[in-house]
Amino acid sequence: MARYNSKTSEQKWQARWEAAQAFLAKPDPARKKYYVLEMFPYPSGRIHMGHVRNYTMGDIVARYKRARGYNVLHPMGWDAFGMPAENAARERGVHPAIWTHENIATMRGQLKAMGLSIDWTRELATCDAQYYGHEQRMFLDFLEQGLVYRKESSVNWDPVDDTVLANEQVIDGRGWRSGALVEQRMLTQWFFKITAYADDLLKSLDTLERWPEKVRLMQSNWIGRSEGMRIRFTISGPQAKSLPGGGELEVYTTRHDTIFGMSFCAISADHPIALELAAKNPAIADFCKQCRDIGGTAEAVERAEKLGFDTGLKVQHPFISGRETPIYIANFVLMGYGTGAIFGCPAHDQRDLDFARKYGLPVLPVVAPADAEAPDIVNDAYTDHLNGRLINSEFLNGMSVAEAKAEISKRLQTANAGEPAITYRLRDWGVSRQRYWGCPIPVIHCDTCGVVPVPKDQLPVTLPHDVSFEAPGNPLSHHPTWKHTPCPKCAKPAVRETDTFDTFVDSSWYFARFCSPHADTPINRQEVDYWMPVDQYIGGVEHAILHLLYSRFYTRAMQQTGYARDSEPFSGLFTQGMVTHETYKDANGAWLFPEQVVKQPGGAVHKDTGAQVLVGKIESMSKSKRNVVDPEHIIAQYGADTARWFVVSDTPPERDIEWTESGVEGAWRFTQRVWRLVDESLDKLPPPKQPERLKEFAAPGISSVLVDVPEITDEAVLALRRATHRTIRLITEDIEQFLFNRAVARIYELANSISAFTQLSANPAGADFALREALETMVILAAPFMPHLAEECWTALGHTTMLVHIGWPVENPAVSKEDTMSITIQVNGKRRGELVMERGDWSEEYYREQAMALDAVIRHLEGKQPKKIVVVPMRIVNVVV
RNA sequence: GCCCGCUUGGCGGAAUCGGUAGACGCAAGGGACUUAAAAUCCCUCGGUCGUAAGGCUGUGCCGGUUCGAGUCCGGCAGCGGGCACCA
């Protein structure tokens, strides 16, 4: 018996699939489409286990859907712009383009070795002008539609990467990539008007039924809708008229019910009034500067005291004649949210209370708990807005918070002093990056004409190849000639925009480009309309907000500019867990690679020195901790099928999976076992039926892809057939629901049943047909997971049509139907026995009689009469005494 | 601080409709085959009492609903994730 040789076999089948163009996707309106997409990789150098897991899952779905008769689109490309290429250029003197394309070549080879069912003719890289030129064109269309604007604003500046970051890219006050503390700078930047869709992006989350609840919730929190009011207070004094706002201060609040508890107003250090005052008063200017310098890190915010500066200005209370409250500039008020101004009600807001205590401002409770006259406020504000009742509030007294809000709203609107307002936490997406390796923003700055879009017939604006990375900052702006160009309008000398797009722009529409990757327009509507939306998108949960929210926005912008029919890009989303591994350190505390470590009964030792190794926590694979396993080595040693099988075994796909050597060996043993089961049975099998090549959807009814089995009476043979057909049903359900670990277990079970069957000494009539049916089923069902081995087995079983062209088997319910059922018998809810009964529609009386006749039941009744006997047909009988 | 999720053998995990807890795999132990090793095959494998038959106990902790709870409800603890001076 020959052992299965994964290396030769995998290469052979990959070549045959390619020769047959088995995965080429063509639009066909007569067929139902299915678009499977995994998040495309950044070409960092080599693929890692996370890629293997991600792309294996996508490939399982793609191969399964293809076998079910869907017209499947399963493409692959490269998220090829970004900082690491520039860092490589700085550190090693390699040009970003060369570095990137070399990495792509390596990683493409590695992905191909995985045997993925990808249509490689659609491959794209975002760093190619054939891609980003279309992006520039869409940007100009967005600009025309008012979806893009340019403004000076305070931005997050990453001092290590020397560039601006979007809010979404700042985590705990640090750059998401560099980890450097982010600074605030004033810069003129391009923004995508994502807030224009805030409400739609939020509401439409409800329609994304095949998205994880967790991701929808995260996006919902990120968008952060709140309902409140804008209220305009009149600023006292004759000089007020000359202030920005013309004598009025507009605040945003969600607790207008507490207006009788107002004891101060506060404005941001960046509020127009604050800026105006600062211009005339150095003390105020100093204070404002101090506020801005605190920074936005979590720790800074935690530590920072509430600081305020009394402007001397006062506002008039809208409902209490003659009552005035001071306006402070305060460090905890953000210009970017609401109106950049608030009214403070210390009794019912913790920040306001901290502030009031510090500056000795009045604390007047205006909402009381249901069970008390007034809330007891010492250090904690009373913030319950559901159960409270209004007090100390004149016409509001006795009302609930909701009633009071409605009343205040009505009165303020009548007085034209305010109106309901909805505010979002979401900010517009700043897309300008001061970097070379990105898509140039296609505009020209002219002293005479201002900002002039590059005419569309002059696109693409390509990156210059000859750049220097010697100096810090943006190589594009240092380039001697590139930015100089005549103004398209007036032909006078002008300069190009040297900022490039955030790379998240590139990844916000690649899924659409895949539908018509060679079109000379950004997309071909007919093809996009056929393939989009992506039916199943798969990737890491770390993109729950950034990439997934940007893509949802961008698709809406494409819809508005006529590039797309739909507003949602991904109708199904699955977020897979990470691949983890134990960490190892030597006696000096240096991290060790897993291949340097040998596990022994007494512990782990160094492979070469024999020195003791400290086994640390199980953590997600990372180069810095060296707890990485190179997929290429695994594929070379065990084969792609083994690696694929392992990464979906045992652990549910959404959870983190631990990579273990023994686990991989287990997976490898199973691939050999499948081959052996087939190989050792070959001489016992009847000839195969050659099923037709897959053309249509698998028709419901009796499977046409499996061998036809004659009428059988032997119980062991029937049991094997039952197991076979039951497994078809279960695995189909499992794959549909992304329960790959369970599907793997079902295949093990079927293999166990086949093993046991082949070891029977008797050889009843029909056994050979049932065995062929079981083996063929196992092979077809395992094919999405282990496609090369499955092809090899399929051929060995005598088939001449490749398995990629064979449809999915269909369960025959007449075969899988069980004749008997086992009924659990309980006494007082405890299991005391089991009844094996013929399947049927028995009366409750019959169940009772059968149960009461059991020895175990009689024994546990101890002579007593049952009070009650609960019968659940087909399942359980519970005798209660 | 606010929001969300999770907690089952030595380990990954099954049991998703309230109805046999521990499928399947890994690890471990025992055995067969072999000159030996590898490979393969067979057996055991939550805890506990018992020679056995068979009990008792057991799904983070406390309580509740129910004939019956890993599953539902209330409370608590631990772990993980998201957001965070958002008015």
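Every value quoted in this text rests on a predicted model; they were computed, and no experiment measured them. Residue numbers start from 1 in every chain, and the chains themselves are labelled A, B, ... in the order their sequence lines are given, proteins ahead of strands.
- If you measure from atom CG of A:Leu249 to atom P of B:A87, you get 18 Å, rounded to the nearest angstrom.
- Judged by distance alone, with hydrogens and angles left aside, the side-chain atoms of A:Thr583 form a donor-acceptor pair with the main-chain N or O of A:Lys617 at under 3.5 Å.
- Both distances falling under 3.5 Å, in either a Watson-Crick or a G-U wobble arrangement, place B:C83 opposite B:G1.
- Rounded to whole angstrom, the span from the CD atom of A:Gln759 across to the P atom of B:A32 amounts to 18 Å.
- Between A:Arg669 and the phosphate of B:A27, there is a side-chain N or O to OP1/OP2 separation shorter than 4.0 Å.
- A:Arg832 has no side-chain polar atom (N or O) that falls below the 4.0 Å cut-off from OP1 or OP2 of B:G54.
- Residue A:Val744 is out of contact with every strand shown, counting any heavy-atom pair closer than 4.0 Å.
- OP1 or OP2 of B:C41 sits under 4.0 Å from a side-chain N or O of A:Arg676.
- Picking from B:C4, B:C24, B:A87 the nucleotide with the shortest atom distance to the side chain of A:Leu217 gives B:C4.
- If you take atom C1' in B:A77 and the same atom in B:G60, they sit 8 Å apart, rounded to whole Å.
- One P atom belongs to B:C83, the other to B:G46, and the distance between them is 43 Å to the nearest Å.
- In this structure, A:Asn878 does not reach the B:U66 phosphate: none of its side-chain N or O atoms is under 4.0 Å from OP1 or OP2.
- Remark: B:A53 base-pairs with no nucleotide in the shown strands. Criterion, Watson-Crick or G-U wobble with two distances under 3.5 Å.
- Computed from coordinates, the A:Asn828 CG to B:G55 P distance equals 14 Å when rounded to whole Å.
- Between A:Arg831 and A:Ile825 there is no side-chain heavy-atom pair separated by less than 4.5 Å.
- Across every strand in view, B:C72 sits in a pair with B:G64 that passes the Watson-Crick or G-U test at under 3.5 angstrom.
- No contact: A:Arg746 has no heavy atom under 4.0 Å from any strand.
- Distance OH (A:Tyr748) to C1' (B:G12): 12 Å, rounded to an integer number of Å.
- Atom CZ in A:Phe343 sits about 15 Å away from atom P in B:C86, given to the nearest Å.
- Closest-nucleotide positions on RNA chain B for A:Ser649 and A:Gly666 were compared, and the one nearer the 5' end corresponds to A:Ser649.
- In this structure, A:Phe260 and A:His317 have tilted ring planes: the angle between them lies in the 30° to 60° band.
- Atoms CG (A:Asn331) and P (B:A87) sit 17 Å apart, rounded to a whole Å.
- When heavy atoms are screened at a 4.0 angstrom cut-off, A:Thr660 is found touching no nucleic acid atom at all.
- If you check every strand for non-hydrogen atoms under 4.0 Å, A:Asp354 touches nothing.
- Across all strands shown, A:Tyr252 has heavy atoms under 4.0 Å from base atoms, whether or not it also approaches the sugar-phosphate.
- Taking the C1' atom of each, B:G50 and B:C56 are spaced 11 Å apart, rounded to whole Å.
- Closest contact between the side chain of A:Arg3 and the listed nucleotides B:C24, B:A39, B:G54 involves B:A39.
- Nearest to the side chain of A:Tyr337, among B:G25, B:C26, B:C86, sits B:C86.
- With distances taken from any side-chain atom of A:Ile545 to the nucleotides B:C83, B:A39, B:C3, the minimum falls on B:C83.
- Remark: A:Arg425 is not in phosphate contact with B:C83, judged by side-chain N or O atoms under 4.0 Å from OP1 or OP2.
- Within the structure, every side-chain polar atom (N or O) of A:Asn741 is placed at least 4.0 Å from both OP1 and OP2 of B:G25.
- For B:C67, its base never sits under 3.5 Å from the side chain of A:Lys867 at any donor and acceptor pair.
- A heavy-atom distance below 4.5 Å is not found between the side chains of A:Cys291 and A:Leu307.
- Taking a pair to require two hydrogen-bonding distances under 3.5 Å in either a Watson-Crick or a G-U wobble arrangement, B:C6 pairs with B:G78.
- Remark: B:G18 base-pairs with no nucleotide in the shown strands. Criterion, Watson-Crick or G-U wobble with two distances under 3.5 Å.
- An OP1 or OP2 oxygen of B:C86 is reached within less than 4.0 angstrom by no side-chain nitrogen or oxygen of A:Arg225.
- Note on A:His860: only backbone sugar-phosphate atoms sit closer than 4.0 angstrom, heavy atoms only; bases stay farther off.
- Nearest to the side-chain atoms of A:Trp222 among the listed nucleotides B:A84, B:C67, B:C24 stands B:A84.
- Of the candidate nucleotides B:G54, B:A27, B:U20, B:A27 has the atom nearest to the side chain of A:Ser662.
- Summarising the base pairing, B:A28 is matched to B:U44 through a Watson-Crick or G-U wobble pair whose two defining distances lie under 3.5 Å.
- The base of B:C41 is not paired with the side chain of A:Arg673 by any donor and acceptor separated by under 3.5 Å.
- Proximity note for A:Thr651 (side chain, C-beta onward) versus B:C24, B:G19, B:G12: the nearest is B:G12.
- If you check every strand for non-hydrogen atoms under 4.0 Å, A:Arg216 touches nothing.
- For the atom pair A:Glu213 CD and A:Met218 CE, the distance stands at 12.5 Å (nearest 0.5 Å).
- Contacts of A:Val880 with the nucleic acid, taken as non-hydrogen atoms under 4.0 Å apart, involve only primed sugar atoms and P, OP1 or OP2.
- Between A:Trp659 and A:Phe646, the distance separating the two ring centers is shorter than 6.0 angstrom.
- Contact annotation: A:Lys214 side-chain N/O to B:C4 OP1/OP2 distance is not under 4.0 Å.
- We find that CZ of A:Phe670 is positioned 22 Å from P of B:G12, with the value rounded to whole Å.
- Taking the side chain of A:Ile876 as heavy atoms from C-beta on, and the options B:C41, B:G19, B:C24, the nearest nucleotide is B:G19.
- Atom name C1', nucleotides B:G19 and B:C2: the rounded distance is 39 Å, in whole Å.
- B:G64 sits 33 Å from B:G54 when the P atoms are compared, rounded to a whole Å.
- Evaluation of atom-type donor-acceptor distances gives a pair under 3.5 Å for the side chain of A:Gln826 against the base of B:G19.
- Taking the P atoms as reference points, B:U20 lies 10 Å from B:G70, given to the whole Å.
- The cationic group of A:Arg425 lies under 6.0 Å from the six-membered ring centre of A:Trp222 and within 45° of the ring axis, placing it in a cation-pi geometry.
- Residue whose closest nucleotide on RNA chain B sits further toward the 5' end, between A:Ala745 and A:Leu334: A:Ala745.
- Across all strands shown, B:U34 has no partner, as no Watson-Crick or G-U wobble contact with both distances under 3.5 Å is found.
- Here the CG-NZ distance, from A:Asn331 to A:Lys306, works out to 7.0 Å after rounding to the nearest 0.5 Å.
- Anti is the classification of B:G54, since its glycosidic angle lies more than 90° from 0.
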(request) For A:Tyr328 and A:Phe309, run ring pair (Phe, Tyr, Trp, His ring centres under 6.0 Å): C-alpha distance rounded to whole Å, both residues' side-chain angles, the deciding distance at 0.1 Å, then the answer. (result) CA-CA 5 Å; A:Tyr328 281 77; A:Phe309 191 103; 8.7 Å; no

